[in-house]
Amino acid sequence: MDTVIYFSLSVMYALLLAAGIYFAIKDRWHIFSAFLLIVIAALLYDNGILTTGRYIGEGTLLESLNFLRYWMHVFFTPLLILFAWQTLRAAGVTWALNRLGTYGVVFLTGVIIIIEALPLFGLSLEPVWQQGVLSYKRVSSSGGPLMMMAVSLSILIASIILWRRQRWIWLIAGLIGMGVVGVLSIPFESKAAGNITELVLILSLFATQLFQSRRPGSAGTNPRN
């Protein structure tokens, strides 16, 4: 069952990525906004490897492909901090338009990436079968919570401000929906639930970008700004 879920998620991400590239070119997204497409591509890869793992089989190839999953997670997920910052700039939030503040957020994102990447140099994986899915998991703990806390907090702050400033409720609705799906999945043994919650969040981020890129008077949406 989980293989079917991962395959369905892969298809969804492929469609989102294709649509995102089209709209990014058409609406001339800011570089920070385009980072969402990198995250979507990474999630497409992640779910694709989980889908095909059982067919590839245990061995060096699948282990290497799973190593890349962890590296992509560490390097690309923090980019959502910059995406959240850009939503504030697009909403015309004065302090977000400050150049020094933008440099600070870029620096903070870089620091988080470095902190999260260092443990990966000693990463050790082992093959695991779960609900018919073959993947390679960390032998040790799953890493620190710093990155996810920073990303979640950034999106939460942005969602509240957009709700109040632009009457856009769908970003905060996506966060709530992500939590609801997570809670509802607790009784089930499926490990794909977390990936479904990720899709809920990504859909709300994607919708937010489309809303802002087509909203008259939005600031900071053009890459040359």
Side-chain angles (χ1 to χ4, degrees), residues 6 9-10 12-14 16-18 20-21 24 29-53 56 60-89 101-126 128 135-158 174-175 178 191-192 194-206 208-209 223:
Y6 290 131
L9 291 173
S10 298
M12 285 292 298
Y13 283 124
L16 275 177
L17 182 60
I21 293 173
W29 289 7
H30 187 278
I31 184 63
F32 286 0
S33 300
F35 284 159
L36 178 61
L37 301 182
I38 297 178
V39 175
I40 291 175
L43 289 170
L44 169 59
Y45 177 85
D46 184 78
N47 286 276
I49 295 302
L50 292 173
T51 300
T52 58
I56 297 174
T60 304
L61 175 58
L62 184 59
E63 184 177 13
S64 298
L65 293 173
N66 276 270
F67 264 114
L68 186 54
R69 285 177 55 221
Y70 286 97
W71 280 100
M72 292 175 74
H73 177 64
V74 165
F75 275 92
F76 297 153
T77 302
L79 296 180
L80 291 179
I81 297 174
L82 299 178
F83 177 86
W85 181 260
Q86 178 57 28
T87 64
L88 299 179
R89 295 183 72 242
T102 300
Y103 289 153
V105 173
V106 171
F107 176 77
L108 175 62
T109 302
V111 169
I112 291 174
I113 290 175
I114 292 173
I115 292 175
E116 293 292 330
L118 289 176
L120 293 184
F121 287 100
L123 181 63
S124 180
L125 302 178
E126 62 180 2
V128 176
S135 64
Y136 277 75
K137 303 292 185 182
R138 287 176 182 257
V139 173
S140 58
S141 60
S142 59
L146 174 63
M147 177 175 63
M148 295 314 301
M149 288 177 57
V151 170
S152 299
L153 182 61
S154 299
I155 296 175
L156 176 60
I157 292 174
L175 285 172
M178 183 179 178
K191 300 299 181 181
N195 295 58
I196 296 175
T197 62
E198 288 175 344
L199 177 62
V200 173
L201 177 62
I202 291 297
L203 287 172
S204 67
L205 293 173
F206 192 87
T208 298
Q209 175 57 33

Review point. A158 and A84: which non-hydrogen atoms are nearest, and at how many Å?
Key: CB-O, 3.9 Å

Point to revise | Heavy-atom closest pair, residues Y13 and L43 | key: OH-CD1, 3.6 Å

Point to revise | All side-chain contact (heavy atoms from CB on, under 4.5 Å) counterparts of V105, not counting sequence neighbours | key: I81, L82, W85, T109

**Study point:** Atom of Q209, atom of S33 and distance for their closest heavy-atom approach
**Key:** OE1-OG, 3.1 Å

Practice item. Check L16 against F206 and note the closest heavy-atom contact, atom names and distance. Key: O-CE1, 3.7 Å

Practice item. Could you grab the distance from atom CE of M12 to atom CD1 of I40, nearest 0.5 Å is fine? Key: 10.0 Å

Study note, to complete from the structure: Distance col, row I49:CD1 vs D46:CG, nearest 0.5 angstrom, shows 8.5 Å

Study note, to complete from the structure: Shortest non-hydrogen pair, L17 vs A41, comes out as CD2-CB, 4.2 Å

Practice item. Please find out if less than 6.0 Å separates the ring center of F75 from that of W71. Key: yes

Point to revise | Where at least one partner belongs to residues 73-87, residue pairs that pass salt bridge (charged side-chain N to carboxylate O under 4.0 Å, His left out), sequence neighbours excluded | key: none

Revision key, fill the gap. When rounded to the nearest 0.5 Å, the distance separating OG1 of T77 from CD of E116 is 9.5 Å

Check your understanding: Should F32 and T102 count as side-chain neighbours, where that means a heavy-atom distance under 4.5 Å?
Key -> yes

Review point. What are the two closest non-hydrogen atoms of R138 and Y70, and how far apart are they?
Key: N-OH, 3.4 Å

Check your understanding: Just one of N195, T197, L203, L201 clears the side chain to side chain contact (heavy atoms under 4.5 Å, CB included) bar with L199, so which one?
Key -> L203

Revision key, fill the gap. So CZ of F67 and OH of Y136: to nearest 0.5 Å the spacing works out to 10.0 Å

Exercise for review: Rounded to the nearest 0.5 Å, what's the gap from CD1 on I112 to CE on M147? Could you check?
Suggested key: 9.0 Å

